[in-house]
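One structure is given here, and the rest of the page talks about it.
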Amino acid sequence: MIELILMQRVDKLGQMGELVKVKPGYARNFLLPGGKAIRATKSNLEKFEQDRVQLEAQNLKRRAEAERVAERMEGLSVVLIRSAGESGGLYGSVSARDIADGCTEAGLTVNRSQVLLDQPIKTLGLTTVRVELHPEVMLPVIVNVARSPEEAERQARGEEIAREEDITLEDELVAELGAATRE
């Protein structure tokens with residue numbers, strides 16, 4: 001285990017300024033290169049304590065700025081047009097990069113690492129995705145994946161596109177079976 005000083009809040013780990021022990025790979029591959037933490041050496045501890053007030057003030061300023069942006073962009077919806085099969089399954093998937101590009105087109109400049117997507121979106125419909133504007137400020141973004149702009153508008157109104165097609169196919173099959181049994 002490696003001991004580190006957190007330079008910003010990290011989910012499921014701790015707040016800024018805390019001493020934490022993590023596995024070497026997590027430190028080497030995620031925390032240290034991202035500037036989220038520094039090694040807890042004696043000199044780094046002393047330097048952090050000297051700069052603590054200034055670092056906390058900078059953090060508060062960035063957080064307040066992120067909160068203002070989140071208020072301005074509240075209710076942001078991104079429409080992504082993709083080709084899909086009859087059942088609503090996409091040919092491919094929607095990734096964090098696609099969502100970040102859509103947000104940028106809508107007026108919110110974010111990069112793909114700020115889009116918190118558990119797994120790629122592989123079906124048509126509305127999905128809520130979190131965008132991290134600051135380690136303590138999350139913005140929910142509605143991602144509307146559709147085959148066409150018209151379909152996106154219908155989905156935004158609350159209509160279920162893929163299910164309508166399934167119901168239509170079921171109705172046709174029931175009608176055909178009914179006609180076959182009468183003959």
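A quick note: this is a predicted structure, and the numbers were derived from the prediction, not measured. Residue numbers start at 1 and run along the sequence shown.
Looking at Thr123 and Val145, their side chains never come closer than 4.5 Å, going by heavy atoms from C-beta outward. Side-chain contact between Ile81 and Pro149 is present, with heavy atoms from C-beta onward closer than 4.5 Å. Between Val69 and Val137, the closest side-chain pair of non-hydrogen atoms is not below 4.5 Å. With a 4.5 Å cut-off on side-chain heavy atoms, Met138 and Leu116 count as touching. With contacts defined as side-chain heavy-atom distances shorter than 4.5 Å, the pair Val115/Val141 does not qualify. Proximity of Asn111 to Thr104: side-chain heavy atoms (C-beta onward) are nowhere separated by under 4.5 Å.
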Practice task
Would you please test Arg63 and Glu67 for salt bridge (Lys or Arg N to Asp or Glu O under 4.0 Å) and show each step?
Solution key: CA-CA 6 Å; Arg63 179 180 174 186; Glu67 287 172 346; 3.2 Å; yes
Practice task
Starting from the C-alpha separation in whole Å, work towards a yes-or-no answer on side-chain contact (heavy atoms from CB on, under 4.5 Å) for Leu31 and Leu13.
Solution key: CA-CA 11 Å; Leu31 296 174; Leu13 190 56; 3.8 Å; yes
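For the pair Arg154 and Glu150, the salt-bridge criterion is not met [side-chain N within less than 4.0 Å of a carboxylate O]. Salt-bridge annotation for Lys47 and Asp51: present, with a side-chain N of the basic residue lying under 4.0 Å from a carboxylate O of the acidic one. The existence of a salt bridge linking Arg112 and Asp101 is excluded, since no basic side-chain nitrogen approaches an acidic carboxylate oxygen closer than 4.0 Å.
Partners of Thr127 by side chain to side chain contact (heavy atoms under 4.5 Å, CB included), not counting sequence neighbours, listed by chain and number: Ile121, Val129. Asp118 is linked by a side-chain hydrogen bond (donor to acceptor under 3.5 Å, both in side chains) to nothing, counting only residues two or more places apart in sequence or in another chain.
In Arg52, the CZ atom is crowded: over 12 heavy atoms of neighbouring residues, nucleotides or ligands sit closer than 6.0 Å. The number of heavy-atom neighbours closer than 6.0 Å to CD of Glu49, taken from other residues, nucleotides and ligands shown, is above 12.
Counting all heavy atoms, side chain and backbone alike, Val22 lies closest to Ala27 at CG2-CB, 3.8 Å. Shortest non-hydrogen contact noted between Leu139 and Ala70 is CD1-O, 3.7 Å. When all heavy atoms of Arg39 and Leu32 are compared, the pair lying nearest together is NH2-CD1, 3.7 Å. In this structure, Ile2 and Pro24 approach most closely via the heavy-atom pair CD1-CA, 3.5 Å.
Remark: side-chain polar atoms of Asn144 are not paired, donor with acceptor, to backbone N or O of Leu126 under 3.5 angstrom. Judged purely by atom type and a 3.5 angstrom limit, Glu151 uses its side chain to pair as donor or acceptor with the backbone of Arg147. In this structure, the side chain of Asn59 does not engage the main chain of Leu55 through any donor-acceptor pair within 3.5 Å.
Hydrophobic clustering, with ILVMFWY side chains joined whenever heavy atoms are under 4.5 angstrom apart, groups Met73 together with Val131. Transitive grouping of hydrophobic side chains (ILVMFWY, heavy atoms separated by less than 4.5 Å) keeps Met16 and Leu133 in distinct clusters. Linking Ile, Leu, Val, Met, Phe, Trp and Tyr residues whenever their side-chain heavy atoms come within less than 4.5 Å places Val110 and Ile99 in a single cluster. The hydrophobic cluster containing Leu117 also contains Leu90, counting ILVMFWY residues as joined when their side-chain heavy atoms lie under 4.5 angstrom apart, directly or transitively.
Met7 CE to Lys36 NZ: the interatomic distance, rounded to the nearest 0.5 Å, is 12.5 Å. Between the CZ atom in Phe48 and the CG atom in Leu6 there is a gap of 8.5 Å [rounded to 0.5 Å]. For the atom pair Met1 CE and Leu4 CG, the distance stands at 10.0 Å (nearest 0.5 Å). Of the inter-residue distances, the one linking Leu76 atom CG with Ile142 atom CD1 reads 8.5 Å to the nearest 0.5 angstrom. Here Asn44 contributes atom CG and Ile5 contributes atom CD1; the two are 5.5 Å apart, rounded to the nearest 0.5 Å. The CD atom of Gln119 lies 13.5 Å from the OG atom of Ser95; values are rounded to the nearest 0.5 Å.
Counting only residues at least two apart or on different chains, the side chain to side chain donor-acceptor pair (under 3.5 Å) pairs with a member in residues 2-27 are Arg9-Asp11.
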